Amino acid sequence: MENIDAVIIGGGPAGLAAAVELWNRGIRNMLVLEREHCFGGILRQCIHDGFGLTRFHETLSGPEYAKRFIDKAEELGIPRMVDASVISVSEDRIVKAVTQEGLKVIRAKAVILAMGCRERTRGALQIPGERPSGIFTAGVAQAYMNLYNRKVGKEIVILGSGDIGMIMARRLTLEGAHVQAVYEIMPFASGLPRNISQCLNDFHIPLYLSHTVTDIRGKGRLEELTVQKVDRDRKPIPGTEIIHKCDTLILSVGLIPENELSLGAGVLLDSGTKGAVTDEHFQTSRKGIFAAGNVLHVHDLVDFVSLEAEELADCVARYLKDKELPECSVSVLPGKGVGQMVPRKISGTEDVTVSLRVTGKMENCTIRVMQNGREVISRKMKKALPAEMIRIPVKADMLDQNGDVEVSVL
Amino acid sequence: MKKKLICIVCPNGCEITAETDGSGKVISVEGQSCSRGRDYAVQEMTDPRRTLTTSIRIEHGQMPLASVRLTAPVPKDMIFKVMDCIRKIRMNAPVKSGTVAVRDILGLGADLIITRDVPAEGTEK
Amino acid sequence: MNGLFDVMIIGGGVAGSAIARELSRFRLRIGVLEKNLDVVNETSGRNSGVVHGGFAYDTGTMKAKLCVEGNRRMGALSEELGFKFIRCGKVLVGKSDADYEQLKKTIEQGKRNGAEGLSLISEEELHALVPKAVGKFAMLSKNSGIVDPFQFTIALAENAVKNGVSYFFGAEVISAGHDKEGNWILKTEYDSYTSRWIINSAGLGCGTISDMIGIKGYRVIGSKGDYIILDKRTGPLLPMPVYPVPSNTYMGIHVTNTTDGNVIIGPNAENVTDFSYYGVTQKNLDYLVKSASEIWPCINRGDFIRNYSGILPKWVDENGVIQDFKIEIREEMAPHAVNLVGIESPGLTAAVPIAETVVKLMQEHGFRAEENKDFDPGREKPVRFSELSDEEKEKMILSDPDYRELICRCEMVTKAEILRALKNPLGVCTMSGIKYRSRAMMGRCQGGYCQMRIEKMIEEFRGKKPEEVLLERKGSYILTGKLRED
């Protein structure tokens, strides 16, 4: 068994940023484990631009953004492995991985979970109908096109107005496919407005809100879809059926943090984010196991993933030096208007950044952080969308060490 | 003519209303949060441009494609012609991120650069 | 021309493949004509995977007799053929006096049928077995169990191939006639096969084939059932199948554990005439959840992985009453033809006894053949990396570099296992064929991470163009070509 101070599971943007920052903080005995053949995580297939605007003040493609960190890790000589799949993490931080060198068993002082997320599938959604070929989640279609050099279809319908779905709408159109429409079950789009503009409006691809796919037909390949308008409870309205003759259905219906390894370690998950319940040090309910990036909560900007991972690395560096971190017994509770929120526990003695998503589109709203009946901080926002993660920095001197904190949006 | 735009420069996606006069000159821009947004609106109303990200075929590489992008936006109505040109490109591995694949593509003032390293097949990474 | 076969089996599902294997104990030229591109695409791969105790069938029927026998021998068979079988038992839960009486009757019937290990248990005993089951009392069938229906059917077919049987896929029989010598001529869309004997084990197509070979008049209806598959994390909550009180025509909405640790909810039952429609409706999904939650209230949307449906071919009389298995030879109408009609539940449990019944029947009608001295009844159990101990994992990794690469993350399937699945003796190369043989793509992400890799491996291993790789059925192409041509 090897003994390593910090094991980082995942060599994508979160894992790499954490590794570089850990190194900068003087940690040397570490190892990044990446299951793919190359580092970069999901960025490898995100060939569109818009990455790095806040961090590097440039608009980069996914691979270019990842390269900044990959090159840095190379330059620093950070211990790292590709083709290394972690198969289990125990609650006392024994990490097992299938690697080219054999089955690696590592005793880690700190484990950093950076596994990213997976896509919600048709099966999970339970869309009725037959199961012909031609149904893909957006990420799979993206991987086929951008990594494997394969085309997925000609007549396309997209379900879900997530960013990936809209970006694929543009990608497919530019490659000669015909995207007939994008349907979204909610009354608001789940992706960024600028993607509606540059991916859909630019190509005259219609977006229909409050609609969903209610039937799928095809014996071999997809032949036909039924789409219906839905009511306020998201139930299909009879009589509103639209039939689409098409050969491809792309699903962009949500990302789920990939926490199977975390569950194996007994880490508690938050039903809102589907990621680990963490404190302000990014520590999960298991001592010495930390999480950042999409595995903690789904981000919309990779720049914040890197920032978050660096904040985590600072905490892990402290943890390795001091063997423990200050207790976080103050609960941070999501109030009205708050859909997801991280962290869920704080100490009240340190600066902390609360990241949250609102439950619906809001205009002229105020985000209020309250503790013990007192307003800690408030921020007015002209516009708030569930698609955009909001970060609220709170200074230590504004907080008490006792009494729950509640965050709400009105 | 009044037009509602969503600015695509940064993730804020400000809703901008821009107005042009009879001759196509921009006479008002409202709703932006910064000067880049204003510039975007003016550009969009007079000479809309777009960047492009796609892939080119790499031969004898560890991967079949290299992702590419334009270094500057080109006229929106030329996008599909630029795509036709890009589809024909073949390059041999190894290629490095940052390399210019096509200089001043179709004379539109933008280069096409490679955005991913593709090592030659059979080499160590 | 394909030459003269001794026996041609129409339908390569669990019954047809069991028959093929039994016949391969003799020195014969045997072929199997399978309509689909794999042996598990219809009823054999669309069921609950339960090995029934034999108590739910009328005494004196073939269903009862062959089920009891199949159940008894399933343990040894699973060892011999290397597929998963767990004799976990089963409970039928009840709450009313009427339920209690029915269960008593069921035990009586079971005893008459020769089923063993049946008893009535109290609420405490029920909860000691399945803490989450809801019921005031239950019937326990100790000998019931669960099997992996894909592995079982594939194992029978692969062993048949090992012993000399030829399988033809995409070979739907469209006409049957005779040549001058009195041999059968079976025509498919593209080919023609001549054989001394034929066997109708066409499952859903049994009525059509029976008509085709001259035995007319069987009324076959389809009983369609939908199922929901739940995430493995629900597995520990269901150590054995939980059923409501049964009737002799329908098992009821039950919940079943699988040999891989998932839970299946269903099936419901509705009569259908379109045997090619396997779509699942919202109405049925909601009904399954509502009904099954009454006996096992652990069903959450967040645990849904996917759903599927299956259709059972039921032979019914003019009043719609479901009949027994029919295994017959009608010399006057169709000489040298074994006709199997209505092989529905418990067809999976009874597959090998059904096959032996077929062979005995053939022998009673003059069928003679030499023993195949090279017959090998065994099949090696495929390695499941995910189920090995750490030491065994280490050993495999060091012995074979293809064990060092995980292709399917959710189910922990290595490249070695995918390659083994690709090299399968039946020559199946659809995405779902690889899925059922390796378990890749059956997990939470449903192939989100690995399907691209597997598609690429099929292209390379089979020399196929991207648009030629199929998902499961004819015409189910996944890709339309390369993005950038070479």
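Letters go in sequence order (proteins before strands), and every chain restarts at 1. Quick caveat, the model's predicted, so the values are computed rather than measured.
C:Ile305 and A:Thr121 make their closest contact through O-OG1, 4.0 Å (heavy atoms, listed as atom of the first residue, atom of the second, distance). Among all heavy-atom pairs drawn from C:Ile397 and A:Thr99, the shortest one is CG2-O, 4.1 Å.
Ranked by heavy-atom pairs under 4.5 Å with chain A, the list C:Glu472, C:Met431, C:Glu459 is led by C:Glu459. In terms of heavy-atom pairs under 4.5 Å with chain A, the best-connected choice from C:Phe385, C:Tyr449, C:Tyr308, C:Tyr277 is C:Tyr449. When A:Arg122, A:Glu119, A:Lys96 are compared by the number of non-hydrogen pairs under 4.5 Å with chain C, A:Lys96 comes out ahead. Per-residue counts of heavy-atom pairs under 4.5 Å with chain A were compared for C:Leu470, C:Val280, C:Leu471, C:Leu285; the largest is that of C:Val280.
Using a 4.5 Å cut-off between heavy atoms, C:Glu391 does not touch chain A at all. Using a 4.5 Å cut-off between heavy atoms, A:Ile256 makes no contact with chain C at all. Of the atoms belonging to C:Arg444, heavy atoms from both backbone and side chain fall under 4.5 Å from chain A. For C:Tyr403, the part sitting under 4.5 Å from any heavy atom of chain A is the backbone (N, CA, C, O) and nothing else. Of the atoms belonging to C:Thr281, it is backbone heavy atoms, and not side-chain ones, that fall under 4.5 Å from chain A. Interface residue C:Lys474: only backbone heavy atoms are found under 4.5 Å from chain A.
Rounding to the nearest 0.5 Å gives a distance of 4.0 Å between OH of A:Tyr144 and CD of C:Gln451. One distance of note links NZ of A:Lys104 with CD of C:Glu394; it measures 10.5 Å at 0.5 Å rounding. Atom CD of C:Glu405 and atom CD of A:Gln100 lie 7.0 Å apart (nearest 0.5 Å). Note that the CZ atom of C:Phe304 and the CZ atom of A:Arg120 stand 13.0 Å from one another [nearest 0.5 Å]. Between the CG atom of A:Leu103 and the CE atom of C:Met396 there is a distance of 13.0 Å, given to the nearest 0.5 Å.
Environment of CZ in C:Arg462: crowded, with over 12 heavy atoms of neighbouring residues, nucleotides or ligands closer than 6.0 Å. By the 6.0 Å contact criterion, NZ on C:Lys290 is open, its count of non-hydrogen atoms from other residues, nucleotides or ligands being 12 or less.
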For this session: Verify side chain to side chain contact (heavy atoms under 4.5 Å, CB included) between A:Glu258 and C:Arg409, making sure each step is shown before the conclusion.
Result: CA-CA 11 Å; A:Glu258 186 49 78; C:Arg409 171 264 319 273; 3.4 Å; yes
Exercise. Taking it one step at a time, do A:Val140 and C:Met452 satisfy side chain to side chain contact (heavy atoms under 4.5 Å, CB included)?
Worked result: CA-CA 8 Å; A:Val140 168; C:Met452 301 80 66; 3.8 Å; yes
Problem set entry | From CA spacing to verdict: side chain to side chain contact (heavy atoms under 4.5 Å, CB included), C:Val469, A:Arg150 | CA-CA 12 Å; C:Val469 176; A:Arg150 298 287 180 267; over 6 Å; no
Exercise. For A:Arg131 and C:Arg306, what are the C-alpha separation, side-chain angles and deciding distance, and is it a side chain to side chain contact (heavy atoms under 4.5 Å, CB included)?
Worked result: CA-CA 11 Å; A:Arg131 48 220 59 234; C:Arg306 65 178 287 157; 3.3 Å; yes
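For a heavy-atom cut-off of 4.5 Å, chain A lies close to C:Ile228, C:Arg233 in residues 226-234 of chain C. Of residues 212-230 of chain A, those residues lying under 4.5 Å from chain C by any heavy-atom pair are A:Asp215, A:Lys219, A:Gly220, A:Arg221.
With salt bridges taken as basic N to acidic carboxylate O contacts below 4.0 Å, none links C:Glu485 and A:Lys151. Contact check on A:Glu130 versus C:Arg473 returns no salt bridge, with no Lys/Arg side-chain nitrogen under 4.0 Å from an Asp/Glu carboxylate oxygen.
The only member of C:Leu406, C:Ile407, C:Thr414 that meets side chain to side chain contact (heavy atoms under 4.5 Å, CB included) when paired with A:Ser85 is C:Leu406.
Contact check for A:Tyr148 versus C:Leu479: no side-chain heavy atoms found under the 4.5 Å cut-off.
For the pair A:Ser133 (side chain) and C:Tyr477 (backbone), a donor-acceptor distance under 3.5 Å is present. Distance alone, capped at 3.5 Å, is enough to place a donor-acceptor pair between the A:Asn149 side chain and the C:Arg484 backbone.
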